[in-house]
Asker: 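This is the structure, below, for whatever I ask next.
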Amino acid sequence: MRASRFFMPTLKETPSEAEVPSHIYLLRAGFIRKLAAGIYDFLPLGLRVLKKIENIIRKHMDEAGALELLLPILTPAELWKETGRWDVYGKELFRLKDRHDRDFALGPTHEETITDLVRKNIRSYKDLPFNFYQIQTKFRDEARPRYGLIRGREFIMKDAYSFDVSEEMAIKSYEIMKETYHRIFKELGLDYLMVEADVGAIGGKFSHEFVVLAANGEAHIVYCDNCGYAANVEAAKYEFELDKLPPEEEKPLEKVYTPDVKSVEEVAKFLGVDPKKIVKTLIYILDDGTAVAVVIRGDRELNETKLLNYFNALDAHLATQEELEKLGLIEGFVGPIGLDIPVYADKSVEDLHNFVVGANEKDYHYINVNIPRDFKPVEFVDFSTAREGDPCPNCKSPLKETTGLEVGHIFLLGTKYSEAMKAYFVDRDGREKPIVMGCYGIGVSRLMAAAVEQNHDENGIIWPENIAPFKLHILALNIKDEKIMKTAEEIYEKAKELGIEVLFDDRDLSPGAKFKDADLIGIPYRIVVGKTLKEGKVEFQKRATGEKELIELSKIDEMLKELAGG
RNA sequence: CGGAGUGUAGCUCAGGUGGCAGAGCACGUGCCUUGGGAGCACGGGGUCGCAGGUUCAAGUCCUGCCACUCCGACCA
């Protein structure tokens with residue numbers, strides 16, 4: 001490709017809207033442009049990268065026996081109503097009406113659509129298993145699109161759905177996808193982790209996320225260097241056994257005056273006790289309106305995902321001051337003793353002795369509280385958010401914490417969708433049974449951003465070789481110099497003949513501008529044809545390391561062949 | 001959805017107290033120049049986000065709306 005005939009509008013300055021490296025460089029280097037919040041054009045350079053990523057995914061999905069198809073983006077509301085997600089999905093679902101006033105949605109994911117296809121065409125256990133996938137644009141009306149391609153409202157996703165006759169078989173399909181995802185992310189050349197994850201609103205039995213490690217990631221994960229355990233903090237188990245305080249003799253319960261002392265820190269300081277012996281009482285209002293109290297040790301943070309899962313709720317929020325007042329409670333002094341709403345306890349409170357709680361009376365706390373003498377929780381449950389330093393649930397070593405970008409997520413769905421939509425098959429025993437499903441997503445356009453987050457320097461992008469828009473960048477530094485142009489043209493033609501994807505900068509620009517653009521765009525290998533030609537040499541450079549090597553003209557063929565082969 | 005902010009040339013931005021619409025970069029033409037975003041000269045380019053109001057006069061003041069960005073909540 002000749003740069004003079006190519007569309008790669010680069011920007012010298014950072015557009016004011018961009019804050020993170022992937023957004024900045026993808027805009028500046030001419031890979032994407034914004035149309036509206038969270039909606040982007042993919043320019044020729046961007047599309048080339050996208051296609052590379054897609055083809056790597058496609059190759060491994062095909063090898064794993066998955067079948068590619070293409071489902072409609074426009075989906076009728078009836079389908080969503082069958083599974084209840086027309087209501088549950090909420091404002092994130094882009095909705096529209098046709099001329100007859102019928103409701104439709106732009107697909108944010110395709111469990112309903114694929115399940116409809118399968119239920120209409122699968123009758124017997126002999127027809128199964130299947131794994132279908134597609135690579136397609138998805139729509140989600142995000143509350144807050146941000147960071148360019150990282151969180152868009154329109155984005156490209158590979159989604160796959162497996163259909164099996166039993167949970168045992170479905171787990172096999174799931175394991176195959178897990179392995180396939182490892183192969184895909186390895187070939188993409190990214191530093192990633194597979195972590196245990198929460199199933200979230202999509203539902204299902206268990207799930208794993210694939211997270212590309214990046215400073216600007218929205219996923220918080222904990223991992224263990226010792227045994228390899230890794231999990232999203234939402235899903236990570238809290239190994240409370242190793243975090244217990246030593247046992248103590250129970251002391252008599254006492255109410256103490258604590259004027260205007262509310263937060264854990266204030267109470268700990270005022271009473272001169274370890275924050276681990278202050279117990280917070282949090283009042284949550286579940287989506288059905290019921291109030292529950294959760295007690296948790298002062299140094300732990302409650303994990304709302306674990307709370308939602310335990311109560312099987314879709315939504316819950318901390319009680320507001322008004323709601324507390326309605327329940328007769330005083331903010332800052334809420335406690336479990338004598339409370340008439342059910343009290344659930346985090347495991348961090350189990351075996352805790354002589355601790356402090358609010359007294360449900362303004363400016364008073366109880367000290368020397370003990371379970372079950374002073375109050376009795378309904379159950380001890382793991383509600384804690386995992387954090388750095390917590391013991392690993394497998395091997396007890398201290399966990400480490402990091403952030404990353406979720407680029408893949410796999411779920412063992414079970415029969416949630418097949419039952420809701422009556423996708424049954426007749427089994428060997430003549431009985432009708434729901435198909436057991438799994439679903440597997442990869443954020444294709446997000447991966448492009450993730451690759452840049454992980455591979456850039458202060459001058460621009462450094463593409464991993466397998467997804468770079470071109471492999472070789474030839475720079476002719478002065479197009480008015482006939483010798484330079486002739487040599488550069490020859491190298492360009494040879495590279496093309498060898499099947500190397502090559503971008504030839506034959507534009508009439510100053511050398512500086514060409515170097516700056518080349519660094520910005522980030523093509524892995526570069527040949528510079530310029531003043532060294534007087535000595536019969538051209539320069540060979542690697543974008544990643546910046547290392548330069550002078551190559552004799554006679555050795556160029558050899559070098560290109562090596563590039564083409566490698 | 002709550003809080004904060006921004007909106008002026010393609011981009012980055014300047015335009016106290018209301019009084020002729022600006023700069024740098026980019027773009028066009030010519031000259032000159034070619035190893036890290038060169039130089040000179042001339043030139044083109046504007047619904048000052050939109051609507052309404054106050055005023056002799058609004059980019060500037062007032063009201064409403066829209067868009068975008070950031071923080072938070074939310075997020076297969």
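Lettering follows sequence order; numbering is per chain, from 1. It should be emphasised that the depicted structure is a prediction, and the values quoted were computed from it without experimental measurement.
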Asker: Rounded to the Å, how far apart are A:Asp481 CG and B:rG35 P?
Answerer: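 Between P of B:rG35 and CG of A:Asp481: 10 Å.
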
Asker: For the P atoms, the ones on B:rG19 and on B:rC61, what distance do you get once it is rounded to whole angstrom?
Answerer: 11 Å

Asker: Name the nucleic acid region contacted by A:Arg33, choosing base, sugar-phosphate or nothing; use a 4.0 angstrom heavy-atom cut-off, strictly under.
Answerer: nothing

Asker: Report which part of the nucleic acid A:Leu509 touches: base, sugar-phosphate, or nothing (heavy-atom distance under 4.0 Å, all strands).
Answerer: base

Asker: Give me the distance, rounded to whole Å, that separates B:rA58 from B:rA21 when you measure between the P atoms they each carry.
Answerer: 11 Å

Asker: Please pick, from B:rG35, B:rG36, B:rC11, the nucleotide with the shortest atom-to-atom distance to any side-chain atom of A:Glu13.
Answerer: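 Closest nucleotide to the A:Glu13 side chain: B:rC11.
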
Asker: Starting at CG of A:Asp457 and ending at C1' of B:rG36, how long is that distance when rounded to a whole Å?
Answerer: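 It works out to 14 Å between those atoms.
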
Asker: Name the pairing partner of B:rC75, where a pair is Watson-Crick or G-U wobble with both distances under 3.5 Å, or state none.
Answerer: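 Result: none.
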
Asker: What about the rings of A:Tyr40 and A:Phe42, do their centers lie closer together than 6.0 Å?
Answerer: no

Asker: Atom CD of A:Glu234 to atom P of B:rC74: distance rounded to whole Å?
Answerer: 9 Å

Asker: Tell me whether the side-chain N/O atoms of A:Tyr89 come closer than 4.0 Å to OP1 or OP2 in B:rC74.
Answerer: no

Asker: Look through every strand shown and name the nucleotide pairing with B:rC70 as Watson-Crick or G-U wobble, where both distances are under 3.5 Å.
Answerer: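 Answer to the pairing question: B:rG3, which forms a Watson-Crick or G-U pair with B:rC70.
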
Asker: Could you check which of B:rC70, B:rU69, B:rU12 has an atom nearest any side-chain atom of A:Ala37?
Answerer: B:rU69

Asker: Would you say A:Met485 and A:Asp506 make side-chain contact, with heavy atoms under 4.5 Å?
Answerer: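 Yes - at least one pair of side-chain heavy atoms lies under 4.5 Å apart.
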
Asker: Flag the pair A:His473 / A:Phe504 as yes when their ring centroid distance falls below 6.0 Å, and as no otherwise.
Answerer: no

Asker: Looking at B:rC70, B:rG37, B:rG35, which one has an atom nearest to any side-chain atom of A:Lys548?
Answerer: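 Of B:rC70, B:rG37, B:rG35, B:rG35 is nearest to the side chain of A:Lys548.
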
Asker: Ignoring hydrogens and geometry, is there a side-chain-to-backbone donor-acceptor pair from A:Thr532 to A:Lys537 under 3.5 Å?
Answerer: yes

Asker: So among A:Tyr181, A:Phe411, A:Phe206, which one has a ring-ring contact (aromatic ring centres under 6.0 Å, His included) with A:Tyr174?
Answerer: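 One option only clears the test, and that one is A:Phe206.
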
Asker: Is it true that the NZ or CZ of A:Arg95 lies under 6.0 Å from the centre of A:Trp86's six-membered ring and within 45 degrees of the ring axis?
Answerer: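 Verdict for A:Trp86: a cation-pi partner in A:Arg95.
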
Asker: Could you state the CD-P distance from A:Glu301 to B:rA73, rounded to the nearest angstrom?
Answerer: 12 Å

Asker: Could you give the CG-to-C1' distance, from A:Leu307 to B:rC74, as a whole number of Å?
Answerer: 16 Å

Asker: With rounding to whole Å, what would you report as the distance between B:rA9 and B:rG24 at their P atoms?
Answerer: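 B:rA9 and B:rG24 have their P atoms separated by 16 Å.
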
Asker: Test for a donor-acceptor pair under 3.5 Å between the base of B:rG37 and the side chain of A:Arg507, counting only N and O atoms.
Answerer: no

Asker: Report the nucleotide, chosen from B:rC68, B:rG37, B:rG35, that has the shortest atom-to-atom distance to any side-chain atom of A:Arg153.
Answerer: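 Ranking B:rC68, B:rG37, B:rG35 by closest atom to the A:Arg153 side chain puts B:rC68 first.
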
Asker: Mind checking if A:Glu539 touches a base, just sugar-phosphate, or nothing, with heavy atoms under 4.0 Å?
Answerer: base

Asker: Just the rounded figure in Å: distance from C1' of B:rU34 to CG of A:Asp506.
Answerer: 16 Å

Asker: Measuring from the side chain of A:Arg146 (C-beta onward, heavy atoms only), which nucleotide among B:rC68, B:rC70, B:rC75 has the closest atom?
Answerer: B:rC70

Asker: 5'-most contact on RNA chain B: A:Gly512 or A:Glu142, nearest heavy atom basis?
Answerer: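 Result of the comparison: A:Gly512.
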
Asker: When we call it a touch if two heavy atoms are under 4.0 Å apart, what does A:Gly441 touch: a base, just sugar-phosphate, or nothing?
Answerer: nothing

Asker: At under 4.0 Å between heavy atoms, what does A:Tyr161 touch on the DNA or RNA strands: base, sugar-phosphate, or nothing?
Answerer: nothing

Asker: Within a strict 4.5 Å, meaning less than it, do heavy atoms of the A:Val538 and A:Val528 side chains meet?
Answerer: no

Asker: When rounded to the nearest Å, what value does the distance between P atoms of B:rA23 and B:rG15 take?
Answerer: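 About 15 Å, rounded to a whole number of Å.
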
Asker: What nucleotide among B:rU34, B:rC70, B:rG36 has an atom nearest to a side-chain atom of A:Arg526?
Answerer: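 The answer is B:rG36.
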
Asker: Tell me whether the OP1 or OP2 atom of B:rG37 has a side-chain N or O from A:Ser510 closer than 4.0 Å.
Answerer: no

Asker: A:Glu304 near the nucleic acid: base, sugar-phosphate alone, or nothing, with a heavy-atom cut-off under 4.0 Å?
Answerer: sugar-phosphate

Asker: Just call it for A:Lys480: base, sugar-phosphate, or nothing, with non-hydrogen atoms closer than 4.0 Å on any strand.
Answerer: base

Asker: Taking the side chain of A:Ala36 as heavy atoms from C-beta outward, which of B:rC74, B:rG37, B:rC68 is closest to it?
Answerer: B:rC68

Asker: With rounding to the closest Å, how many angstrom separate the P atoms on B:rU17 and B:rU60?
Answerer: 11 Å

Asker: Under 4.0 Å from OP1 or OP2 of B:rC13: is there any side-chain N or O of A:Ser16 that close?
Answerer: yes

Asker: For A:Thr532 and A:Ala18, take the nucleotide of RNA chain B holding the closest heavy atom to each; which residue's nucleotide lies nearer the 5' end?
Answerer: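 Closest to the 5' end, via its nearest nucleotide, is A:Thr532.
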
Asker: Less than 6.0 angstrom separating the ring centers of A:Trp463 and A:Phe31, yes or no?
Answerer: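 Centroid distance A:Trp463-A:Phe31: below 6.0 Å, so yes.
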
Asker: Between B:rC74 and A:Arg151, is there an OP1 or OP2 to side-chain N/O distance shorter than 4.0 Å?
Answerer: no

Asker: Return the pairing partner of B:rG36 with a 3.5 Å limit on both distances, Watson-Crick or G-U wobble; otherwise return none.
Answerer: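 In the structure as shown, B:rG36 has no Watson-Crick or wobble partner.
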
Asker: I'd like the C1' distance from B:rU33 over to B:rC40, given in whole Å.
Answerer: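 Those two atoms are separated by 11 Å.
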
Asker: With a non-hydrogen cut-off below 4.0 angstrom, is A:Asp517 in contact with a base, only sugar-phosphate, or nothing?
Answerer: base

Asker: Give one of base, sugar-phosphate or nothing for A:Leu520, where a contact means two heavy atoms less than 4.0 Å apart.
Answerer: base

Asker: Inspect the surroundings of NZ in A:Lys178 and state if more than 12 heavy atoms from other residues, nucleotides or ligands are less than 6.0 Å away.
Answerer: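 Buried by this count: over 12 neighbours within 6.0 Å.
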
Asker: State which of B:rG35, B:rU34, B:rC70 makes the closest approach to the side chain of A:Arg144.
Answerer: B:rC70

Asker: With C1' as the reference atom in both, quote the distance from B:rG59 to B:rU8 in angstrom, rounded to an integer.
Answerer: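 Here B:rG59 and B:rU8 have their C1' atoms 7 Å from each other.
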
Asker: Say whether, by atom type as modelled, one donor and one acceptor occur between the side chain of A:Tyr161 and the main chain of A:His110 under 3.5 angstrom.
Answerer: yes

Asker: Of all the choices, B:rC25, B:rC74, B:rU34, which nucleotide is nearest to the side chain of A:Lys12 once you look at every atom?
Answerer: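 Nearest to the side-chain atoms of A:Lys12, counting from C-beta on, is B:rC25.
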
Asker: Whole Å only: how far is the CG atom of A:Leu27 from the P atom of B:rU69?
Answerer: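 Answer to the nearest Å: 11 Å.
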
Asker: Decide yes or no, distance alone: a donor-acceptor N/O pair under 3.5 angstrom between the base of B:rU34 and the side-chain of A:Lys531.
Answerer: no

Asker: Under 3.5 Å for both donor-acceptor distances, Watson-Crick or wobble: does B:rG52 have a partner, and if so which one?
Answerer: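 Its partner is B:rC62.
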
Asker: Between B:rA26 and B:rG37, how far apart are the two C1' atoms, rounded to whole Å?
Answerer: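 Those two atoms are separated by 11 Å.
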
Asker: Applying a 3.5 Å limit to both distances, which nucleotide forms a Watson-Crick or G-U wobble pair with B:rA41?
Answerer: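 Result: B:rU29.
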
Asker: Quick one: which of B:rA73, B:rU12, B:rC25 gets closest to the side chain of A:Pro15?
Answerer: B:rU12

Asker: Within the 4.0 Å heavy-atom criterion, would you say A:Pro108 contacts the bases, only the backbone, or no part of the nucleic acid?
Answerer: base

Asker: Just how far, in rounded Å, is P of B:rC70 from CD of A:Glu19?
Answerer: 6 Å

